[in-house]
K.L.:
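One structure coming up, written as structure tokens, with questions to follow.
This chain uses plain numbering: 1 for the first residue, then up along the sequence.
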Amino acid sequence: MQVNIKGQKNHFNASPASSTPSTPDSVRLGEDSEPLIYQDRPIGQKAANERLKRRQGKDKVGEVTVTNLLQQFRDTLIEIEDQKKQDRKLMLEQQAMMIQQSQEKQELDRIKKEEQIMKIDISNLDPISAAYFQNRKLEIMQKRGFNF
């Protein structure tokens, strides 16, 4: 600290940015303040054209994006419809196969029952039962192609 001749104290600070200016010519502006002449300044032709091009480019990109999204949506719908058609076709094929298997099983069951009927000895049966099984045997033989 130094003492001035007139008795004033002078403070010396190591950082000049934090010291307050002593001359009235210097003006300290805040970080957010700009000179007034730049705030109302219109943009130049070059800057305006660039801004317009950027806006138009964004619109085109947006249009392309929307068009692409719509096309992807359509493609997805077509794929879904194709998949549904394939699923229906597969389901019908599976149902046809199940019906065929069921018919084959019924046919095998019928053949087994007919074989049991053919193996019955009618000599020990009463006359009515013997006549019934004799007629059934004849029907079975006719179905298989034997004519009597």
Side-chain angles (χ1 to χ4, degrees), residues 1 10-148:
M1 204 184 302
N10 290 333
H11 296 283
F12 292 103
N13 197 345
S15 65
S18 64
S19 66
T20 57
S22 59
T23 61
D25 294 344
S26 64
V27 177
R28 183 175 174 206
L29 298 174
E31 292 176 10
D32 58 341
S33 65
E34 292 183 17
L36 292 175
I37 56 175
Y38 291 110
Q39 287 180 349
D40 295 329
R41 180 179 174 197
I43 61 172
Q45 282 292 329
K46 190 174 183 180
N49 286 337
E50 287 180 18
R51 182 182 285 177
L52 181 63
K53 285 180 185 177
R54 274 187 271 145
R55 259 192 225 146
Q56 288 175 347
K58 287 181 182 177
D59 290 343
K60 287 180 183 175
V61 169
E63 289 174 13
V64 170
T65 303
V66 170
T67 304
N68 287 341
L69 287 175
L70 285 174
Q71 187 60 42
Q72 288 175 356
F73 182 72
R74 287 183 194 121
D75 293 344
T76 303
L77 284 178
I78 290 170
E79 288 176 14
I80 290 171
E81 288 299 319
D82 289 344
Q83 185 64 40
K84 282 182 181 180
K85 287 178 184 177
Q86 290 176 356
D87 290 347
R88 282 187 212 123
K89 184 179 178 181
L90 181 64
M91 184 180 68
L92 290 173
E93 289 173 356
Q94 288 175 345
Q95 286 178 346
M97 193 182 329
M98 289 173 61
I99 290 170
Q100 183 180 0
Q101 289 173 348
S102 175
Q103 289 173 345
E104 289 173 357
K105 184 179 182 223
Q106 288 175 355
E107 181 67 18
L108 286 174
D109 289 343
R110 186 185 62 78
I111 290 171
K112 284 181 183 178
K113 288 178 184 177
E114 288 177 353
E115 287 177 359
Q116 288 175 348
I117 291 172
M118 294 299 287
K119 291 179 183 178
I120 292 177
D121 181 19
I122 58 172
S123 62
N124 297 334
L125 296 177
D126 63 284
I128 297 174
S129 297
Y132 171 78
F133 283 108
Q134 182 65 32
N135 285 335
R136 290 287 293 142
K137 286 181 182 185
L138 289 173
E139 288 173 4
I140 292 169
M141 294 299 286
Q142 287 175 352
K143 279 183 186 177
R144 294 187 180 178
F146 297 100
N147 291 326
F148 296 102

K.L.:
If I compare all heavy atoms of Ala130 with all of Leu125, which pair ends up nearest, and what's the gap?
P.N.:
N-CB, 4.1 Å
K.L.:
Apply side-chain contact (heavy atoms from CB on, under 4.5 Å) to the pair Gln71 and Arg74, showing each step before the final yes or no.
P.N.:
CA-CA 5 Å; Gln71 187 60 42; Arg74 287 183 194 121; 3.7 Å; yes
K.L.:
Supply the atom-to-atom distance Asp75 CG to Ile80 CD1, rounded to the nearest 0.5 angstrom.
P.N.:
11.0 Å
K.L.:
Do Asp109 and Lys105 touch side chain to side chain, with heavy atoms closer than 4.5 Å?
P.N.:
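Yes, close enough: below the 4.5 Å cut-off.
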K.L.:
Rounded to the nearest 0.5 Å, how far apart are CD of Gln116 and CZ of Arg136?
P.N.:
11.5 Å
K.L.:
With Gln106, which residues qualify under side chain to side chain donor-acceptor pair (under 3.5 Å), at least two apart?
P.N.:
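None.
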K.L.:
To the nearest 0.5 Å, what is the distance between CD on Gln142 and CD1 on Ile140?
P.N.:
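Atom-to-atom, Gln142:CD and Ile140:CD1 are 11.0 Å apart.
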K.L.:
Determine whether more than 12 heavy atoms belonging to other residues, nucleotides or ligands lie under 6.0 Å from atom CD of Gln45.
P.N.:
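12 or below, so no.
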K.L.:
Is it true that the side chains of Gln83 and Asp87 contain a donor and an acceptor less than 3.5 Å apart?
P.N.:
yes
K.L.:
Could you check whether Glu114 pairs with Arg110 (Lys NZ or Arg NE/NH1/NH2 to Asp/Glu carboxylate O, under 4.0 Å)?
P.N.:
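Here Glu114 pairs with Arg110 in a salt bridge, since their nearest N and O are under 4.0 Å apart.
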K.L.:
Is it true that Asn135 and Glu139 share a donor-acceptor pair across their side chains at a distance under 3.5 Å?
P.N.:
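No donor-acceptor contact under 3.5 Å links the two side chains.
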K.L.:
What distance separates Gln94 CD from Gln101 CD, expressed to the nearest 0.5 Å?
P.N.:
10.5 Å
K.L.:
Does CE belonging to Met98 count more than 12 external heavy atoms closer than 6.0 Å?
P.N.:
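For Met98, atom CE is not crowded (no more than 12 foreign heavy atoms under 6.0 Å).
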K.L.:
How long is the gap from CD1 on Ile120 to CZ on Phe133, to the nearest 0.5 Å?
P.N.:
4.0 Å
K.L.:
If you look at every heavy atom in Ile117 and Lys137, which pair is closest and at what distance?
P.N.:
O-CE, 3.2 Å
K.L.:
Is the closest side-chain heavy-atom distance between Leu90 and Glu93 below 4.5 Å?
P.N.:
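Sidechains of Glu93 and Leu90: in contact.
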K.L.:
How long is the span from the CD atom in Gln95 to the CZ atom in Arg88, to the nearest 0.5 Å?
P.N.:
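One finds 12.5 Å between CD of Gln95 and CZ of Arg88.
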K.L.:
Between Lys112 and Glu115, is there a salt bridge with N-O shorter than 4.0 Å?
P.N.:
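No.
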